Amino acid sequence: MPYDLLRLEVSEGVATVTINRPDKLNALNNVLMGDLDRAFEEVEAAAEIRGLILTGAGEKAFVAGADIRELASLTPAEAERMALRGQGVFRRLETMGKPSIAAVNGFALGGGLELAMACALRVASENAKFGQPEIKLGIIPGYGGSQRLPRLVGRGRALEMLLTGAQIDAAEAHRIGLVNHVVPQQELGGFCRGLMSRILENAPLAAGLILNAVDAGLSGGLEEGLRFEAACFALSAATEDKAEGTAAFVEKRKPVFRGR
Ligand code: COA
(Lines give C-alpha, C1' and ligand atoms only; values in the text may rest on other atoms or scores of the structure.)
Protein backbone atom coordinates (compact mmCIF):
# COMPACT_ATOMS: atom_id res chain seq x y z
CA MET A 1 0.00 0.00 0.00
CA PRO A 2 1.53 3.39 -0.92
CA TYR A 3 2.06 5.97 1.82
CA ASP A 4 2.92 9.65 1.42
CA LEU A 5 4.88 10.35 4.59
CA LEU A 6 5.89 7.02 6.05
CA ARG A 7 7.67 3.83 5.08
CA LEU A 8 6.41 0.39 6.03
CA GLU A 9 8.87 -2.49 5.68
CA VAL A 10 8.30 -6.07 6.76
CA SER A 11 11.14 -8.43 7.62
CA GLU A 12 10.90 -11.77 9.43
CA GLY A 13 7.38 -11.09 10.66
CA VAL A 14 8.18 -7.62 12.03
CA ALA A 15 6.83 -4.45 10.44
CA THR A 16 8.93 -1.32 10.80
CA VAL A 17 6.99 1.89 10.30
CA THR A 18 9.25 4.92 9.81
CA ILE A 19 7.58 8.31 9.97
CA ASN A 20 9.24 10.15 7.13
CA ARG A 21 8.97 13.92 7.35
CA PRO A 22 12.42 14.73 8.75
CA ASP A 23 12.54 18.33 7.48
CA LYS A 24 9.64 19.10 9.87
CA LEU A 25 11.00 16.83 12.61
CA ASN A 26 8.32 14.26 11.63
CA ALA A 27 5.51 16.51 12.94
CA LEU A 28 2.12 14.81 12.56
CA ASN A 29 0.06 16.60 9.95
CA ASN A 30 -3.28 15.53 8.54
CA VAL A 31 -1.71 13.45 5.75
CA LEU A 32 0.55 11.61 8.22
CA MET A 33 -2.36 10.78 10.50
CA GLY A 34 -4.15 9.22 7.52
CA ASP A 35 -0.99 7.27 6.65
CA LEU A 36 -0.60 6.04 10.22
CA ASP A 37 -4.23 4.94 10.35
CA ARG A 38 -3.84 2.88 7.17
CA ALA A 39 -0.48 1.48 8.27
CA PHE A 40 -1.86 0.28 11.62
CA GLU A 41 -4.82 -1.26 9.79
CA GLU A 42 -2.40 -3.06 7.44
CA VAL A 43 -0.26 -4.31 10.34
CA GLU A 44 -3.32 -5.51 12.25
CA ALA A 45 -4.80 -7.33 9.26
CA ALA A 46 -1.66 -9.06 7.91
CA ALA A 47 -1.33 -12.51 9.50
CA GLU A 48 2.38 -12.67 8.62
CA ILE A 49 3.10 -9.50 10.64
CA ARG A 50 3.53 -10.41 14.30
CA GLY A 51 5.00 -7.24 15.75
CA LEU A 52 5.55 -3.56 14.99
CA ILE A 53 8.50 -1.21 15.52
CA LEU A 54 7.69 2.47 15.10
CA THR A 55 10.39 5.09 14.58
CA GLY A 56 11.16 8.45 12.99
CA ALA A 57 13.34 9.27 9.98
CA GLY A 58 16.54 11.22 10.57
CA GLU A 59 18.71 11.48 13.65
CA LYS A 60 16.95 14.33 15.39
CA ALA A 61 13.32 13.45 15.98
CA PHE A 62 10.93 10.60 16.61
CA VAL A 63 7.98 12.99 16.26
CA ALA A 64 8.10 16.66 17.42
CA GLY A 65 4.34 16.83 17.93
CA ALA A 66 1.23 17.63 15.99
CA ASP A 67 1.81 20.08 13.15
CA ILE A 68 1.61 23.49 14.81
CA ARG A 69 0.91 25.26 11.51
CA GLU A 70 -2.24 23.14 11.08
CA LEU A 71 -3.23 23.69 14.73
CA ALA A 72 -3.04 27.44 14.35
CA SER A 73 -6.18 27.77 12.21
CA LEU A 74 -8.43 25.19 13.91
CA THR A 75 -11.91 26.10 15.11
CA PRO A 76 -13.08 24.42 18.35
CA ALA A 77 -15.28 22.00 16.39
CA GLU A 78 -12.37 21.10 14.09
CA ALA A 79 -10.09 20.71 17.11
CA GLU A 80 -12.50 18.22 18.69
CA ARG A 81 -12.74 16.23 15.45
CA MET A 82 -8.95 16.24 15.16
CA ALA A 83 -8.50 14.98 18.73
CA LEU A 84 -11.10 12.22 18.35
CA ARG A 85 -9.62 11.09 15.06
CA GLY A 86 -6.05 11.02 16.45
CA GLN A 87 -7.19 9.22 19.58
CA GLY A 88 -8.87 6.62 17.35
CA VAL A 89 -5.70 6.12 15.29
CA PHE A 90 -3.53 5.67 18.39
CA ARG A 91 -6.13 3.43 20.01
CA ARG A 92 -6.02 1.16 16.95
CA LEU A 93 -2.26 0.80 17.49
CA GLU A 94 -2.75 0.16 21.21
CA THR A 95 -5.44 -2.48 20.78
CA MET A 96 -4.30 -4.32 17.65
CA GLY A 97 -3.28 -7.34 19.74
CA LYS A 98 0.30 -7.41 18.40
CA PRO A 99 3.32 -6.18 20.38
CA SER A 100 4.64 -2.76 19.40
CA ILE A 101 7.86 -0.95 20.31
CA ALA A 102 8.45 2.78 19.90
CA ALA A 103 12.10 3.25 18.92
CA VAL A 104 12.39 6.85 20.11
CA ASN A 105 15.34 8.23 18.15
CA GLY A 106 15.13 11.91 19.17
CA PHE A 107 12.42 14.41 20.14
CA ALA A 108 9.16 12.82 21.29
CA LEU A 109 7.08 15.88 22.06
CA GLY A 110 3.33 16.38 22.28
CA GLY A 111 1.69 14.00 19.81
CA GLY A 112 5.06 12.25 19.47
CA LEU A 113 5.12 11.27 23.10
CA GLU A 114 1.43 10.39 22.89
CA LEU A 115 2.19 8.09 19.94
CA ALA A 116 5.10 6.46 21.80
CA MET A 117 2.86 5.93 24.84
CA ALA A 118 0.27 4.09 22.72
CA CYS A 119 2.96 1.48 21.91
CA ALA A 120 3.38 -1.48 24.26
CA LEU A 121 7.07 -0.68 24.96
CA ARG A 122 9.40 2.29 24.47
CA VAL A 123 13.16 2.26 23.87
CA ALA A 124 14.99 5.60 23.70
CA SER A 125 18.28 6.61 22.16
CA GLU A 126 20.53 8.59 24.50
CA ASN A 127 19.75 11.87 22.68
CA ALA A 128 15.95 11.48 22.99
CA LYS A 129 13.91 14.20 24.66
CA PHE A 130 10.37 13.85 25.97
CA GLY A 131 7.70 16.38 26.80
CA GLN A 132 4.07 17.48 26.59
CA PRO A 133 4.63 21.16 25.66
CA GLU A 134 1.03 21.88 24.62
CA ILE A 135 0.46 24.18 27.60
CA LYS A 136 3.13 26.50 26.17
CA LEU A 137 0.93 26.88 23.07
CA GLY A 138 -2.21 27.56 25.12
CA ILE A 139 -3.73 24.12 24.49
CA ILE A 140 -3.76 20.73 26.16
CA PRO A 141 -2.78 17.29 24.79
CA GLY A 142 -5.46 15.87 22.48
CA TYR A 143 -4.12 12.45 21.51
CA GLY A 144 -4.31 10.80 24.93
CA GLY A 145 -1.44 12.51 26.81
CA SER A 146 -3.54 13.50 29.81
CA GLN A 147 -4.68 9.88 30.16
CA ARG A 148 -1.73 7.63 29.25
CA LEU A 149 1.02 9.70 30.92
CA PRO A 150 -0.39 9.40 34.47
CA ARG A 151 -1.08 5.70 33.87
CA LEU A 152 2.58 5.19 32.92
CA VAL A 153 4.48 7.40 35.35
CA GLY A 154 1.94 8.28 38.08
CA ARG A 155 -0.18 11.36 38.69
CA GLY A 156 2.43 13.64 40.25
CA ARG A 157 5.14 13.13 37.65
CA ALA A 158 2.61 13.34 34.82
CA LEU A 159 1.13 16.57 36.13
CA GLU A 160 4.58 18.11 36.46
CA MET A 161 5.34 17.34 32.81
CA LEU A 162 1.87 18.45 31.64
CA LEU A 163 1.80 21.67 33.68
CA THR A 164 5.40 22.82 33.11
CA GLY A 165 5.56 21.66 29.49
CA ALA A 166 9.26 21.03 30.17
CA GLN A 167 11.34 18.48 28.32
CA ILE A 168 13.05 15.61 30.12
CA ASP A 169 16.04 13.67 28.79
CA ALA A 170 16.27 9.94 28.14
CA ALA A 171 17.93 9.15 31.48
CA GLU A 172 15.12 10.89 33.39
CA ALA A 173 12.49 9.21 31.19
CA HIS A 174 14.07 5.88 32.12
CA ARG A 175 14.21 6.76 35.81
CA ILE A 176 10.48 7.53 35.96
CA GLY A 177 9.47 4.48 33.92
CA LEU A 178 8.43 6.35 30.80
CA VAL A 179 10.84 4.26 28.69
CA ASN A 180 11.91 0.66 29.15
CA HIS A 181 15.53 1.07 27.97
CA VAL A 182 18.02 3.72 26.85
CA VAL A 183 20.69 2.79 24.29
CA PRO A 184 23.23 4.66 22.10
CA GLN A 185 21.56 6.02 18.97
CA GLN A 186 23.48 3.76 16.56
CA GLU A 187 22.33 0.68 18.53
CA LEU A 188 18.64 1.63 18.71
CA GLY A 189 17.37 -0.32 15.68
CA GLY A 190 19.29 -3.49 16.52
CA PHE A 191 18.28 -3.34 20.17
CA CYS A 192 14.58 -2.97 19.29
CA ARG A 193 14.74 -5.82 16.77
CA GLY A 194 16.42 -8.01 19.42
CA LEU A 195 13.78 -7.13 22.02
CA MET A 196 11.01 -7.87 19.52
CA SER A 197 12.51 -11.25 18.60
CA ARG A 198 12.64 -12.21 22.29
CA ILE A 199 8.90 -11.45 22.46
CA LEU A 200 8.17 -13.29 19.22
CA GLU A 201 9.90 -16.47 20.43
CA ASN A 202 6.91 -16.85 22.73
CA ALA A 203 3.38 -17.98 21.94
CA PRO A 204 1.77 -15.32 19.71
CA LEU A 205 -1.82 -15.90 20.83
CA ALA A 206 -0.74 -15.57 24.46
CA ALA A 207 1.02 -12.29 23.60
CA GLY A 208 -2.23 -10.94 22.12
CA LEU A 209 -4.22 -12.06 25.16
CA ILE A 210 -1.70 -10.44 27.55
CA LEU A 211 -1.98 -7.14 25.65
CA ASN A 212 -5.78 -7.33 25.77
CA ALA A 213 -5.92 -8.26 29.46
CA VAL A 214 -3.58 -5.45 30.53
CA ASP A 215 -5.57 -3.00 28.43
CA ALA A 216 -8.90 -4.20 29.87
CA GLY A 217 -7.69 -3.70 33.44
CA LEU A 218 -6.16 -0.28 32.79
CA SER A 219 -9.20 1.02 30.90
CA GLY A 220 -11.71 -0.45 33.34
CA GLY A 221 -10.90 -1.43 36.89
CA LEU A 222 -9.41 -4.27 38.92
CA GLU A 223 -12.58 -6.39 39.22
CA GLU A 224 -13.35 -6.12 35.52
CA GLY A 225 -9.71 -6.74 34.67
CA LEU A 226 -9.50 -9.86 36.81
CA ARG A 227 -12.69 -11.26 35.26
CA PHE A 228 -11.30 -10.59 31.79
CA GLU A 229 -7.97 -12.15 32.74
CA ALA A 230 -9.71 -15.37 33.77
CA ALA A 231 -11.54 -15.51 30.42
CA CYS A 232 -8.28 -14.92 28.53
CA PHE A 233 -6.54 -17.56 30.66
CA ALA A 234 -9.29 -20.02 29.69
CA LEU A 235 -8.85 -19.11 26.03
CA SER A 236 -5.08 -19.62 26.25
CA ALA A 237 -5.70 -23.05 27.79
CA ALA A 238 -7.60 -24.04 24.63
CA THR A 239 -4.67 -23.34 22.27
CA GLU A 240 -2.35 -25.85 20.59
CA ASP A 241 0.49 -23.61 21.77
CA LYS A 242 -0.44 -24.30 25.40
CA ALA A 243 -0.24 -28.06 24.72
CA GLU A 244 3.12 -27.54 22.98
CA GLY A 245 4.54 -25.20 25.65
CA THR A 246 3.69 -27.45 28.56
CA ALA A 247 4.79 -30.64 26.71
CA ALA A 248 8.11 -29.02 25.76
CA PHE A 249 8.76 -28.14 29.40
CA VAL A 250 8.12 -31.72 30.52
CA GLU A 251 10.23 -33.13 27.66
CA LYS A 252 13.06 -30.63 28.41
CA ARG A 253 13.11 -29.18 24.85
CA LYS A 254 12.46 -25.80 23.22
CA PRO A 255 8.78 -25.29 22.29
CA VAL A 256 7.76 -24.69 18.68
CA PHE A 257 4.81 -22.30 18.78
CA ARG A 258 2.53 -22.05 15.76
CA GLY A 259 0.07 -19.40 16.85
CA ARG A 260 -2.81 -21.86 17.01
N1 COA B 1 4.85 21.39 13.93
C2 COA B 1 5.22 21.93 12.76
N3 COA B 1 6.51 22.12 12.41
C4 COA B 1 7.45 21.73 13.29
C5 COA B 1 7.13 21.16 14.53
C6 COA B 1 5.76 21.00 14.84
N7 COA B 1 5.36 20.44 15.99
N8 COA B 1 8.28 20.91 15.19
C9 COA B 1 9.28 21.30 14.37
N10 COA B 1 8.77 21.78 13.23
C11 COA B 1 9.52 22.31 12.07
C12 COA B 1 10.05 23.70 12.34
O13 COA B 1 9.04 24.68 12.11
C14 COA B 1 11.17 23.78 11.32
O15 COA B 1 10.61 24.01 10.05
P16 COA B 1 11.22 25.18 9.07
O17 COA B 1 12.62 24.69 8.80
O18 COA B 1 10.32 25.13 7.88
O19 COA B 1 11.17 26.43 9.87
C20 COA B 1 11.72 22.36 11.32
O21 COA B 1 10.68 21.54 11.84
C22 COA B 1 12.95 22.19 12.20
O23 COA B 1 12.62 22.59 13.52
P24 COA B 1 13.45 23.72 14.34
O25 COA B 1 12.53 24.36 15.31
O26 COA B 1 14.18 24.60 13.38
O27 COA B 1 14.50 22.76 15.09
P28 COA B 1 15.24 23.09 16.47
O29 COA B 1 16.29 22.03 16.59
O30 COA B 1 15.67 24.50 16.51
O31 COA B 1 14.14 22.86 17.61
C32 COA B 1 12.33 21.70 18.72
C33 COA B 1 13.63 21.60 17.84
C34 COA B 1 11.70 20.33 18.78
C35 COA B 1 12.72 22.17 20.13
C36 COA B 1 11.37 22.74 18.07
O37 COA B 1 11.20 22.39 16.71
C38 COA B 1 10.02 22.77 18.71
O39 COA B 1 9.87 23.32 19.80
N40 COA B 1 9.00 22.18 18.05
C41 COA B 1 7.64 22.20 18.52
C42 COA B 1 7.43 21.22 19.65
C43 COA B 1 6.01 21.28 20.16
O44 COA B 1 5.57 22.23 20.77
N45 COA B 1 5.28 20.19 19.92
C46 COA B 1 3.93 20.03 20.41
C47 COA B 1 2.95 20.48 19.41
S48 COA B 1 1.30 20.28 20.06
Side-chain angles (χ1 to χ4, degrees), residues 3-7 17-37 39 54-91 93-94 102-119 122-153 157-173 176 178-179 182 185 188:
Y3 296 98
D4 292 310
L5 291 174
L6 61 77
R7 295 194 300 268
V17 167
T18 306
I19 296 171
N20 191 21
R21 200 187 174 210
D23 56 320
K24 299 291 180 198
L25 304 188
N26 302 320
L28 299 175
N29 64 4
N30 194 30
V31 172
L32 242 174
M33 289 306 282
D35 276 0
L36 282 174
D37 197 26
L54 190 59
T55 195
E59 299 199 336
K60 211 170 152 185
F62 174 70
V63 168
D67 190 303
I68 297 174
R69 282 176 189 80
E70 283 186 0
L71 288 179
S73 59
L74 287 183
T75 66
E78 288 166 346
E80 185 175 32
R81 271 201 299 279
M82 177 187 169
L84 290 173
R85 176 192 187 214
Q87 288 172 3
V89 174
F90 290 10
R91 189 76 181 129
L93 160 66
E94 189 171 47
V104 181
N105 55 310
F107 289 111
L109 302 175
L113 178 50
E114 291 171 303
L115 179 59
M117 290 193 294
C119 289
R122 282 148 296 285
V123 180
S125 59
E126 286 165 343
N127 63 313
K129 293 267 193 313
F130 300 81
Q132 295 286 171
E134 289 86 350
I135 194 166
K136 291 178 181 292
L137 299 168
I139 53 175
I140 80 159
Y143 293 161
S146 68
Q147 303 305 306
R148 291 194 181 94
L149 190 57
R151 282 172 171 76
L152 265 173
V153 302
R157 286 172 173 142
L159 280 172
E160 184 170 336
M161 287 181 72
L162 291 161
L163 292 173
T164 64
Q167 291 179 18
I168 61 171
D169 64 16
E172 176 68 358
I176 67 174
L178 184 53
V179 300
V182 180
Q185 186 162 39
L188 182 64

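Owing to the predicted nature of the structure, the values given are computational and were not obtained by experimental measurement. One is the number of the first residue; the rest follow in order along the sequence. We count ligands from 1, going down the list as the structure has it; atoms in each ligand are counted the same way.
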Arg21 side-chain N/O to Leu5 backbone N/O, donor-acceptor pair under 3.5 Å: no
From [X] [atom1] over to [Y] [atom2], what is the distance, rounded to the nearest 0.5 angstrom?
| X | Y | atom1 | atom2 | result |
| --- | --- | --- | --- | --- |
| Leu25 | Asp67 | CG | CG | 11.0 Å |
| Lys129 | Ile168 | NZ | CD1 | 10.5 Å |
| Lys60 | Asn127 | NZ | CG | 11.0 Å |
| Leu36 | Tyr3 | CG | OH | 9.5 Å |
| Asn29 | Asp4 | CG | CG | 9.5 Å |
| Met82 | Leu71 | CE | CG | 4.5 Å |

Could you identify the single nearest non-hydrogen protein atom to [atom] and state the distance to 0.1 Å?
| atom | result |
| --- | --- |
| atom 46 (C) of ligand 1 | Pro133 CG, 3.7 Å |
| atom 34 (C) of ligand 1 | Leu109 CD1, 3.6 Å |
| atom 5 (C) of ligand 1 | Ala27 CB, 3.9 Å |
| atom 37 (O) of ligand 1 | Leu25 CD1, 3.6 Å |

Flag [X] as yes when one of its N or O atoms lies below 3.5 Å from any N or O atom of ligand 1, and as no otherwise.
| X | answer |
| --- | --- |
| Ala64 | yes |
| Arg69 | yes |
| Ile68 | yes |
| Lys24 | yes |
| Ile139 | no |

[atom] touched by protein (heavy atom, under 4.0 Å):
| atom | result |
| --- | --- |
| atom 39 (O) of ligand 1 | no |
| atom 44 (O) of ligand 1 | yes |
| atom 2 (C) of ligand 1 | yes |
| atom 16 (P) of ligand 1 | yes |
| atom 23 (O) of ligand 1 | yes |

Residue pair Thr18 / Asn20, side-chain donor-acceptor N/O under 3.5 Å: no
Proximity of Lys136 to ligand 1 by residue part, where a heavy atom lies under 4.0 Å: neither
Heavy-atom neighbours of Glu78 CD exceed 12 at 6.0 Å: yes
Contact atoms of ligand 1, heavy-atom distance to Lys60 under 4.0 Å: 27 (O), 28 (P), 29 (O)
Sub-4.0 Å heavy-atom approach of Asp23 to ligand 1: yes
Salt-bridge present (Glu160, Arg157; N to O < 4.0 Å): no
Side-chain heavy atoms of Met117 within contact of Gln132, under 4.5 Å: yes
